[in-house]
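By convention in this document, chain letters (A, B, ...) are assigned in the order of the sequence lines, proteins followed by strands, and residues within each chain are numbered from 1. Note that these values count all heavy atoms, side chains included, but never hydrogens, waters or copies made by symmetry.
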2 protein chains.
Amino acid sequence: MATIRDVSKYSGVSVATVSRVLNNSSKVKSTTKKKVLQAIKELNYKPNAVAKTLFKKQSYSIGLIIPDISNPFFPEVARAVEDTARHYGYRVILCNSDGNREKEKDYIEALSQNHVDGLLVTSISENSDNFKGLHMPVVALDRSKGKEIPCVYVDNYEGGKLAARTLFENGGKVFAEISGPYNLITAKERSRGFHDFLKKKEKTALTYEGEFDFKHSIVVAGKLLDENPEVDSVFVGNDQIGIALIKEAMLRGLRIPNDLQIIGFDGIEIGGLITPSLSTIQQPIYDLGKEATKLLLDLANKKHVEQTSICMPINYVKRSTTTG
Amino acid sequence: MATIRDVSKYSGVSVATVSRVLNNSSKVKSTTKKKVLQAIKELNYKPNAVAKTLFKKQSYSIGLIIPDISNPFFPEVARAVEDTARHYGYRVILCNSDGNREKEKDYIEALSQNHVDGLLVTSISENSDNFKGLHMPVVALDRSKGKEIPCVYVDNYEGGKLAARTLFENGGKVFAEISGPYNLITAKERSRGFHDFLKKKEKTALTYEGEFDFKHSIVVAGKLLDENPEVDSVFVGNDQIGIALIKEAMLRGLRIPNDLQIIGFDGIEIGGLITPSLSTIQQPIYDLGKEATKLLLDLANKKHVEQTSICMPINYVKRSTTTG
DNA sequence: GTGAAAGCGCTAACAT
DNA sequence: ATGTTAGCGCTTTCAC
């Protein structure tokens with residue numbers, strides 16, 4: 001590998017000058033510039049980004065810490081993050097935390113030692129001191145972090161209410177919910193919104209606490225259906241649970257949406273491709289990732305940001321598991 | 001940020017000694033070691049991994065270049081890669097190439113300049129000079145690269161044959177295929193295996209060339225069904241096409257598998273969760289990613305590897321879109 | 001407009 | 001067992 005020193009010798013100028021033409025950092029006579037460019041070409045010289053990072057303390061890379069890339073919500077986020085990062089010349093390091101505090105901490109430490117320029121995190125814990133004392137910006141993704149950390153999120157409470165209203169207005173009589181795990185603030189908020197709306201209508205809903213995961217959801221969905229055959233309207237904590245519920249409902253010969261209405265949450269692509277397609281409260285997943293990345297990079301580059309807390313809109317997408 | 005120099009001063013020993021305790025690289029008297037450790041703690045010193053990388057020419061990071069993380073096959077791969085890399089102390093940089101040669105090249109150049117220790121690539125092109133002259137190992141994932149590049153893959157040709165045999169033995173009469181794009185060697189091989197088997201049985205199959213993508217598949221699937229209502233057995237290039245075909249078939253009131261049998265390829269998780277669940281030729285997706293990563297890291301660490309070309313087994317998974 | 005030299009934070013000879 | 005020092009490849013004052 002040729003170094004800047006090789007280029008310097010080959011072209012007969014100093015390394016400083018080579019650096020100047022490399023970075024356009026100050027005027028260089030056009031004839032010497034030409035010589036340098038020529039040398040670079042002939043030696044097939046590529047600047048060593050690590051050396052540059054060491055000096056500049058800027059790596060043009062960010063860390064993306066999510067619970068699990070195999071969970072279908074996150075690939076869409078990751079794609080947005082990567083696209084956006086790339087657009088601004090940044091690379092992204094992918095980290096799966098499994099919602100494990102220790103694993104998250106290990107990653108943060110490693111990323112920090114590698115001088116990434118910022119962290120994008122979907123963390124399990126609302127307030128964690130995993131993020132204390134870092135010398136780089138952190139943006140929380142899909143988790144409202146209160147005032148402590150900049151974040152990009154959706155109003156999960158309103159989403160829950162919207163699901164309840166929809167089910168109610170569609171003529172639902174017996175309501176149920178399979179929520180996400182309550183230790184996730186997002187799941188809790190969705191649930192709270194759902195129940196609050198029903199309460200105003202003097203209705204209640206059976207509630208099962210689930211997980212954001214297919215395997216577990218199959219079990220809970222089956223249980224709900226078996227224990228409560230009278231239920232006709234279910235709100236589920238995310239689309240994966242919804243897909244599991246559809247499967248179990250069909251296995252039991254229920255007609256959807258006539259016997260059973262279902263509303264999911266997230267709007268992952270696959271929800272629209274199954275039969276029946278899953279009605280859902282849709283988050284702008286790609287834009288969530290995109291805006292979070294933009295915010296993070298603005299922060300990393302010390303640009304002025306007028307909003308460090310961005311709430312993105314949700315909306316109800318009617319597909320085939322609801323009547324209206 | 002404290003540096004090794006700060007620790008050295010604080011503890012009254014040389015930087016070399018500090019480095020020694022940091023890396024356990026040679027014996028240090030236990031009392032001085034204690035002093036150093038104490039200083040490290042009090043100063044909250046963290047070694048700068050970038051500086052180390054510059055010197056050692058080893059970054060403990062690898063690049064993962066795939067077409068698109070939103071394609072459901074790849075999150076499972078990426079998860080395996082990340083798990084395995086992490087297990088060996090490596091980080092992974094995620095890159096989406098969209099199967100675009102130029103984009104792939106840009107990534108390779110950037111990763112190379114950042115001195116990643118190796119590249120894991122699912123490339124579109126079988127033989128590309130994008131990989132020529134790199135000073136780091138490359139492992140091809142799910143793409144047989146001939147002898148040029150180490151690779152981890154499955155026997156797609158056999159998979160295609162297996163699909164054909166299954167459909168045939170289940171009593172299929174009129175066969176069809178929606179293949180993946182022919183410029184992908186994997187798609188072509190699956191298709192070739194499928195047709196070769198049928199030919200031996202003196203059967204033919206209608207063939208539509210598709211894409212490994214939901215949106216496009218919906219269109220092709222609809223077309224196939226409308227233009228050939230007599231078809232009763234379809235092999236599709238991957239599970240996504242299969243899911244699209246199921247959707248379109250149900251839309252048209254076809255009974256699966258009685259009127260129409262479908263076999264997919266890949267074995268992505270969602271295929272088992274839809275109704276009807278998709279029978280498929282399953283690849284060991286996680287293990288593919290795991291073995292590829294292991295191979296790459298062995299290569300990066302110049303360990304002796306007896307096999308630079310690893311073929312993983314496939315198998316038929318009977319679910320609800322086939323009769324047997 | 002260009003060059004010399006210091007230094008980013010670390011490791012590894014080479015001394016002692 | 002420990003210290004001194006020369007880099008790794010780059011950028012950036014500070015001279016000229």
With heavy atoms under 4.0 Å as the rule, sort B:Val13 into base, sugar-phosphate or nothing. sugar-phosphate
Please check: side-chain N/O of A:Ser8 versus main-chain N/O of A:Ile4, any donor-acceptor pairing under 3.5 Å? no
Nearest-nucleotide wise, let me know which of B:Lys33 and A:Arg5 is further upstream toward the 5' end of DNA chain D. B:Lys33
Considering residues, nucleotides and ligands other than B:Tyr60, do more than 12 of their heavy atoms fall under 6.0 Å from its OH? no
Considering only heavy atoms from C-beta outward, does the side chain of A:Ile62 approach that of A:Ile93 to under 4.5 Å? no
B:Ile40 vs B:Leu22, test: side-chain contact (heavy atoms from CB on, under 4.5 Å). Steps then yes/no. CA-CA 10 Å; B:Ile40 288 176; B:Leu22 247 27; 3.4 Å; yes
Under-4.0 Å salt bridge between A:Asp83 and A:Lys290: no
From the set C:dG3, C:dG9, D:dG9, return the single nucleotide nearest to any side-chain atom of B:Thr3. C:dG9
Within the supplied structure, the quantity of interest is the number of heavy atoms (other residues, nucleotides, ligands) at a distance under 6.0 Å from B:Lys105 NZ; does it exceed 12? no
Should we say atom NZ of B:Lys33 is surrounded by more than 12 heavy atoms from elsewhere, each under 6.0 Å from it? no
Taking the minimum atom-to-atom distance to the side chain of A:Ala51, which one of D:dC8, D:dC10, D:dG3 wins? D:dC10
For B:Asn48 and D:dC8, what is the distance between atoms CG and P respectively, to the nearest whole Å? 18 Å
Atom OH of B:Tyr60 to atom P of C:dT11: distance rounded to whole Å? 11 Å
N-O pairing of B:Asp98 and A:Arg79 below 4.0 Å: yes
Over how many whole Å does the gap from A:Lys34 atom NZ to C:dG1 atom C1' extend? 16 Å
Looking at residues at least two apart in the chain, or sitting in another chain, which of them share a side chain to side chain donor-acceptor pair (under 3.5 Å) with A:Arg86? none
In whole Å, what is the span from the CG atom of B:Asp6 to the P atom of C:dG9? 9 Å
Would you work out how much the helix from C:dG1-D:dC16 to C:dT16-D:dA1 bends between its ends, with each end axis defined by five base pairs, to 10 degrees? 40°
Heavy atoms under 4.0 Å is the rule here; annotate nucleotides 11-16 of chain D 5' to 3' with B where the base is hit, S where only the sugar-phosphate is, and - elsewhere. BBB---
B:Lys35 NZ to D:dA1 P, in whole Å, measures 15 Å
